[in-house]
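Predicted model, so just to flag it, every value in this text is computed and none were measured.
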Amino acid sequence: MKIHFFLIFLALGLSLQAQKNIYESDKFDELSESHQILAIIPFVTRLELKDSISQEQLQQLEENEGYTVQNALETYFSQGKKNKRFTVEFQNIKNTNALLAKNNISYDNIDIYTIKELCTLLNVDGIISGNLSLNVLLSKGVPTEFSFMDYIKGDANYGRIGIKVSDGGTGKLLWKYEKEINKKSGKNTYDLITIMMKQATRKFPYDTERRKKKS
């Protein structure tokens, strides 16, 4: 019985934490009314690793992590698409990255382009983007076993992630979800995305059930 109540309390705590870290524009419904397809772009990543590596190696690792999050998000949304869980489509990231490359837009310079410019180039209604800060290589897998000493030493915290949805017509931020990454977040990038998006599922603005309730 005690375990049962503990699990309920833990689930409630995770739900409240997810809601607290979520922002949604009061103009979301107005600006997203005609949205049909969104593009997911590589995440801007900042690594602070303990290992001594060259600047060139660091930049390559940051790029790899950014593309891994892009891939993980596509995988998550593709699974939901099978169940008609979302009200929008998501552009295949191979097409997204190919179009970016054809226009000389790379991981190194994508941040100088506006949301409106990217949406026009990609022929989409909105952009899913974000930032990732890590002190480990999450894509390679991390330990998930932890103890209270991990938290005291700070070894349980791996960084932070922020996922954003922006409107292509205006360039305005429509939705944002931020989350701390730690040993409870999952053993790799795909675990992280699956867990955090499930925690925020009722708040994700393109969720089919959420739209039905609002209408």
Q: State which residues pass side-chain hydrogen bond (donor to acceptor under 3.5 Å, both in side chains) with Lys172; sequence neighbours excluded, sorted by chain then number.
A: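 So Lys172 forms no side-chain hydrogen bond (donor to acceptor under 3.5 Å, both in side chains) with any residue.
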
Q: Looking at residues at least two apart in the chain, or sitting in another chain, which of them share a salt bridge (charged side-chain N to carboxylate O under 4.0 Å, His left out) with Glu48?
A: Arg46

Q: For Asp125, which residues count as a side-chain hydrogen bond (donor to acceptor under 3.5 Å, both in side chains) partner, sequence neighbours excluded?
A: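 With sequence neighbours excluded, Asp125 shows a side-chain hydrogen bond (donor to acceptor under 3.5 Å, both in side chains) to no residue whatsoever.
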
Q: Between Ile195 and Ser185, what is the shortest heavy-atom contact and its length?
A: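 What the structure gives for the nearest pair is CD1-O, 3.3 Å.
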
Q: What salt bridge (charged side-chain N to carboxylate O under 4.0 Å, His left out) pairs are there with at least one residue in residues 62-72, not counting sequence neighbours?
A: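 Output for this query is empty, none listed.
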
Q: Quick one: list whatever passes side chain to side chain contact (heavy atoms under 4.5 Å, CB included) with Ser129, sequence neighbours left out.
A: Ile41, Ile127, Lys164

Q: Transitive ILVMFWY cluster of Tyr107 at side-chain heavy atoms under 4.5 Å: who else is in it?
A: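 Once heavy-atom contacts under 4.5 Å are chained together, Tyr107 belongs with Tyr67.
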
Q: Using side chain to side chain contact (heavy atoms under 4.5 Å, CB included) as the criterion, list what pairs up with Glu30, not counting sequence neighbours.
A: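 Glu30 satisfies side chain to side chain contact (heavy atoms under 4.5 Å, CB included) with Lys27 only.
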
Q: For this output row, return yes or no: ring centroids of Phe28 and Tyr23 closer than 6.0 angstrom.
A: no

Q: Going by the rule salt bridge (charged side-chain N to carboxylate O under 4.0 Å, His left out), which residues pair with Lys116 if we only count those two or more places apart in sequence or in a different chain?
A: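 Listed in chain order: nothing, the list is empty.
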
Q: Could you list the residues that satisfy side chain to side chain contact (heavy atoms under 4.5 Å, CB included) with Asn109, not counting sequence neighbours?
A: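 Only Ile105, Ser106, Ile112, Tyr113 meet the side chain to side chain contact (heavy atoms under 4.5 Å, CB included) criterion with Asn109.
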
Q: With Thr170, which residues qualify under side-chain hydrogen bond (donor to acceptor under 3.5 Å, both in side chains), at least two apart?
A: Asp167

Q: Please list, chain by chain and in numerical order, all residues satisfying side-chain hydrogen bond (donor to acceptor under 3.5 Å, both in side chains) with Asn64, sequence neighbours excluded.
A: Gln60

Q: Return the set of residues passing side chain to side chain contact (heavy atoms under 4.5 Å, CB included) with Asn123 (not counting sequence neighbours), or none when no residue passes.
A: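 Testing Asn123 for side chain to side chain contact (heavy atoms under 4.5 Å, CB included), a comparison that skips the adjacent residues, returns none.
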
